[in-house]
Amino acid sequence: MASDRPVPYGIGSDTWPGLSRLAADAAQVARAAAAIISTGNDTVQDPADQRENLQEQLGDLRAAIDYVIGKNALDWAAVNRRRDRKRSLYERGIGEDQPPSPGERDDDAAGSPSPAPHGHGAGDNGRPAPHQHACPSRPATRSARHPWARAAD
């Protein structure tokens, strides 16, 4: 018999609730966008259907984003500041494939407050953040210079 407990990272989980839903909805948006991009203007699919599908997927993603921010005690103001900075870059024609000019920055270093000193603090709702480390710690196998790099075998 299936358990009634939510899986880690799922809706209602105690461990990063909604994160798996966020990832799945982001993937759906990526698929909808790729379908439009890959066909260009030469498509057998009705552009109105493509637009409707993209709108639905974006709506689902926005719901997942809101859920994850709220349920994981993330800082709405920090997320909105980042969103506003990115939107401003996009509006000025600076995209992911174009580096900003020397005076423009695309990171959170300028004007963002540092994270809470305790690392797993309460959010706007006063609740402590959920457990954020579901895996036991792993031995140090990554390069100190490049933490994302794998250790040489």
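Note that this is a predicted model, so its numbers are computed, not measured.
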When rounded to the nearest 0.5 angstrom, what is the spacing between [atom1] in [X] and [atom2] in [Y]?
X: Asn53; Y: Asp46; atom1: CG; atom2: CG; answer: 12.0 Å
X: Asp75; Y: Arg82; atom1: CG; atom2: CZ; answer: 14.0 Å
X: Ser88; Y: Ile94; atom1: OG; atom2: CD1; answer: 7.5 Å
X: Arg81; Y: Trp76; atom1: CZ; atom2: CH2; answer: 14.0 Å
X: Glu56; Y: Leu58; atom1: CD; atom2: CG; answer: 10.5 Å
X: Ile65; Y: Asp25; atom1: CD1; atom2: CG; answer: 9.0 Å

Spell out, as yes or no, whether a donor-acceptor pair under 3.5 Å connects the side chain of Asn72 to the backbone of Leu74.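 Not confirmed, Asn72 side chain does not pair with Leu74 backbone.
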
Is the backbone of Ala34 close enough, under 3.5 Å, to the side chain of Ser38 for a donor and an acceptor to pair up by distance?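 Indeed, once roles are kept as given, a pair shorter than 3.5 Å links the two residues.
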
[X]-[Y] co-clustered via ILVMFWY side chain contacts under 4.5 Å:
X: Ile36; Y: Val29; value: yes
X: Val7; Y: Ile11; value: no
X: Leu61; Y: Val79; value: yes
X: Tyr9; Y: Leu22; value: yes

Looking only at heavy atoms, which two atoms of [X] and [Y] are closest? And how far apart?
X: Pro8; Y: Ser13; answer: CA-OG, 3.3 Å
X: Gly12; Y: Pro17; answer: N-CB, 4.3 Å
X: Gln57; Y: Ala32; answer: CG-CB, 4.3 Å

Steps toward side chain to side chain contact (heavy atoms under 4.5 Å, CB included) verdict (Arg85, Leu89): CA-CA 6 Å; Arg85 277 196 299 275; Leu89 290 173; 5.8 Å; no

Regarding Asp66 and Arg62, does a basic nitrogen lie under 4.0 Å from an acidic carboxylate oxygen?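 Not counted as a salt bridge, because no side-chain N and carboxylate O are separated by less than 4.0 Å.
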
Output all residues satisfying salt bridge (charged side-chain N to carboxylate O under 4.0 Å, His left out) with Asp60, sequence neighbours left out; order by chain, then residue number.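 None.
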
